[in-house]
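Take a look at this one; I'll ask things after.
Just the heavy atoms: all of them, side chains too, but no hydrogens, waters or symmetry mates, feed the values below. This one's a predicted model, so the numbers in the text were calculated from it and none came from an experiment. Read the numbers this way: they start at 1 and go in the same order the structure lists the ligands and their atoms. Numbering of residues begins at 1 and proceeds along the displayed sequence.
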Amino acid sequence: MIGLLHALTRPLLHALDPEDAHRLAVKMLQIAPLPRAPRDDPRLGVRAFGLNFPNPIGMAAGFDKNAEVADALLRLGFGFVEIGTITPLPQPGNPRPRLFRLDEDGGVINRLGFNSQGADAALRRLAARVAPSGSAAGGTAEAGIVGINVGANKDSPDRIADYVGLIERFAPVASYVAVNISSPNTPGLRTMQQAAVLDDLLARVIDARECAVRQSGPTPVLLKIAPDLTLADLDDVVGIARSRRVDGMIVANTTLARPSTLREQTRAKQQGGLSGRPLFRLSTRMVAETYVRVEGAFPLVGVGGIDTGGAALTKIRAGASLIQLYSSLVYKGLGLVDDIKRDLASTLLRTGRDSLSEIVGADAATITAEDWPVV
Ligand SMILES: Cc1cc2nc3c(=O)[nH]c(=O)nc-3n(C[C@H](O)[C@H](O)[C@H](O)COP(=O)(O)O)c2cc1C
């Protein structure tokens with residue numbers, strides 16, 4: 001059904017401007033009578049950050065920026081959905097055009113710049129849906145796992161206060177909060193990954209998490225990083241994340257790099273963050289590099305260029321307990337989620353394993369010993 005829907009709509013969506021196509025896809029998810037995906041194979045279940053994920057595949061941040069279609073995405077079979085990035089106040093983002101498909105490469109470049117309807121609109125929508133799993137309102141497993149990705153307003157006088165305020169406001173309705181300091185499209189945002197700033201940010205963010213626990217129960221806080229960090233930067237980031245006791249990390253956001261191997265060299269000159277297949281090797285290397293530094297202190301979410309079951313497996317073997325995708329859905333449609341689940345389940349069956357946790361990080365040491373991927 002989903003495959004058929006995609007086959008029918010793909011030519012139309014690809015004929016449109018990418019941002020109009022995205023808007024239409026969200027609209028279709030809001031109105032289409034969607035079939036509920038079959039119950040997941042129990043072997044695909046993952047326990048992480050105190051939450052029980054029915055399967056490890058999440059919708060990455062950026063698709064449902066304003067919390068409009070979380071339930072539709074869960075219905076289609078995602079194990080979790082990350083809303084956002086949400087900023088405290090509404091803001092328009094950068095001027096259009098700001099989203100580009102690199103069809104020949106299976107890539108996407110975006111410089112959206114946190115276009116957001118703001119916290120009030122997203123809160124209203126989230127409060128109206130059933131309480132998500134792990135949230136204070138006594139969420140049930142049926143409600144599904146919905147995380148909130150938060151960011152600072154472009155013109156904010158105090159960016160750390162933006163993150164803290166969003167954690168306080170969203171903790172009661174979110175399964176987890178992702179602190180996004182890795183978008184390349186808000187000037188200066190990535191500098192928050194520098195040691196002194198990050199330590200200050202995380203100290204205050206974790207304080208907010210602890211206050212929220214008392215009022216609304218536990219809300220795990222994850223840190224989303226850029227794939228363009230140097231390994232020395234990564235040493236600092238992981239060290240601070242561990243000492244401040246974050247609950248997990250999401251590796252990684254889009255890259256500013258432009259692989260010389262890209263076929264769409266003209267489009268590749270567009271400013272912004274590159275995602276999709278061209279990001280796969282770099283982001284997978286960063287997952288492995290992060291995994292060996294984290295030493296099991298918390299789980300990782302691996303994201304970047306996953307477009308097949310094999311790629312999902314590689315990301316998990318590099319160190320990801322959970323995975324997310326976005327760009328590949330533009331090319332392959334939502335049926336990809338089912339394909340990946342089927343591949344993962346059959347790999348477990350073939351290798352006589354009961355759960356994916358047995359292979360998380362199995363290849364991290366090998367991957368970190370390889371030559372640095374050319375991007
Ligand atoms: C159009 C677009 C918008 C995005 N917006 C956000 C965002 O608002 N916040 C965020 O943390 N990541 C955002 N991302 C990054 C994705 O969440 C993900 O980290 C990245 O695209 C790599 O995954 P992929 O190769 O599967 O797309 C966006 C990506 C795309 C393509």
* Under-4.0 Å salt bridge between Asp41 and Lys341 -> no

* In terms of atom number and element, which parts of ligand 1 are under 4.0 angstrom from non-hydrogen atoms of Gly305? -> 24 (P), 25 (O), 26 (O)

* Asked: Between Leu325 and ligand 1, does any nitrogen or oxygen pair lie at a separation below 3.5 Å?
  -> no

* Is the shortest distance from a heavy atom of Ala252 to ligand 1 less than 4.0 Å? -> yes

* Asked: Do Asp103 and Glu264 come within less than 4.5 Å of each other through their side chains, counting heavy atoms only?
  -> yes

* Does Lys332 come within less than 4.0 Å of Asp339, counting only side-chain N to carboxylate O? -> no

* Residue Gln271 excluded, over 12 heavy atoms near CD under 6.0 Å -> no

* Asked: Counting only heavy atoms, which portion of Thr85 has something under 4.0 Å from ligand 1: side chain, backbone, both, or neither?
  -> both

* Asked: For atom 23 (O) of ligand 1, what is the nearest protein heavy atom, given as residue, atom name and distance?
  -> Val303 CG2, 3.3 Å

* Hey, is Asp71 close enough to Arg125 for a salt bridge, meaning N to O under 4.0 Å? -> no

* Proximal ligand 1 atoms for Leu99, defined as those under 4.0 Å from one of its heavy atoms -> 1 (C)

* To do: List the closest protein heavy-atom neighbour of atom 27 (O) of ligand 1: residue, atom name, distance to the nearest 0.1 Å.
  => Ser327 OG, 2.6 Å

* For Asn149, counting its heavy atoms only, list the atoms of ligand 1 lying under 4.0 Å from any of them. => 10 (C), 11 (O)

* **Ligand-side contact atoms (ligand 1) for residue partner Leu112, heavy atom cut-off under 4.0 Å** => 1 (C), 3 (C)

* To do: Kindly give the heavy-atom pair with the smallest separation between Leu166 and Ile86, and that separation in Å.
  => CD1-O, 3.6 Å

* **Presence of salt bridge, Lys27 and Glu68, under 4.0 angstrom** => no

* **Residues Thr230 and Asp233: side-chain donor-acceptor under 3.5 angstrom** => yes

* **N or O contact, Val108 vs ligand 1, cut-off under 3.5 Å** => no

* Using heavy atoms and a threshold below 4.0 Å, how should the contact between Glu82 and ligand 1 be classified: side chain, backbone, both, or neither? -> neither

* Check whether any N or O atom of Ile306, backbone or side chain, sits under 3.5 Å from an N or O atom of ligand 1, and answer yes or no. => no

* Among the heavy atoms of Ser328, does any lie under 4.0 Å from an atom of ligand 1? -> no

* **Shortest protein contact, atom 5 (N) of ligand 1 (heavy atom only)** => Gly62 CA, 3.2 Å

* Short N or O distance, Thr254 and ligand 1, threshold 3.5 Å exclusive -> no

* ligand 1 versus Ser182: contacting region, heavy-atom distance under 4.0 Å -> neither

* **Distance from atom 8 (O) of ligand 1 to nearest protein heavy atom, with residue and atom** => Lys65 NZ, 2.8 Å

* For atom 26 (O) of ligand 1, which protein heavy atom lies nearest, and how many Å away is it? -> Tyr326 N, 3.0 Å

* If you measure from each non-hydrogen atom of Asn253 to ligand 1, which part falls under 4.0 Å: side chain, backbone, both or neither? -> both

* **Taking atom 13 (C) of ligand 1 as the reference point, the nearest protein heavy atom with its distance** => Ala61 O, 3.3 Å

* For Arg96, does the CZ atom have more than 12 heavy-atom neighbours from other residues, nucleotides or ligands under 6.0 Å away? -> yes

* Any donor-acceptor N or O pair under 3.5 Å, side chains Thr284, Lys315 -> yes

* Relative to ligand 1, is Ile250 under 4.0 angstrom through side chain, backbone, both or neither, heavy atoms considered? -> neither

* **Under 3.5 Å: N/O of Gln324 near N/O of ligand 1** => no

* To do: Measure the distance from atom 31 (C) of ligand 1 to every protein heavy atom, then report the residue, atom name and distance (to 0.1 Å) of the closest one.
  => Ser275 OG, 3.4 Å

* Pair Arg267 + Asp105, salt bridge at N-O below 4.0 Å -> no

* To do: Can you see which heavy atom on Val292 is nearest to which on Ala364, and at what distance?
  => CG1-CB, 4.0 Å

* Asked: Relative to each other, are the rings of Tyr326 and His22 parallel, tilted or perpendicular (30° and 60° limits)?
  -> tilted

* Against heavy atoms of Leu279, which atoms of ligand 1 measure under 4.0 Å? -> 22 (C)

* Protein contact to atom 12 (N) of ligand 1 [nearest heavy atom, distance to 0.1 Å] -> Lys224 NZ, 3.1 Å

* Just wondering, are more than 12 heavy atoms of other shown residues or ligands nearer than 6.0 Å to NZ in Lys154? -> no

* Where ligand 1 meets Asn180 - atom numbers and elements under 4.0 angstrom, heavy-atom basis -> 9 (N), 10 (C), 11 (O)

* **Residue pair Ala152 / Leu189: nearest heavy atoms and the distance that separates them** => CB-CD1, 4.4 Å

* Asked: Would Arg23 and Glu19 pass as an ion pair if we require N to O under 4.0 Å?
  -> no

* Is the closest heavy atom of Ser183 to ligand 1 under 4.0 Å? -> no

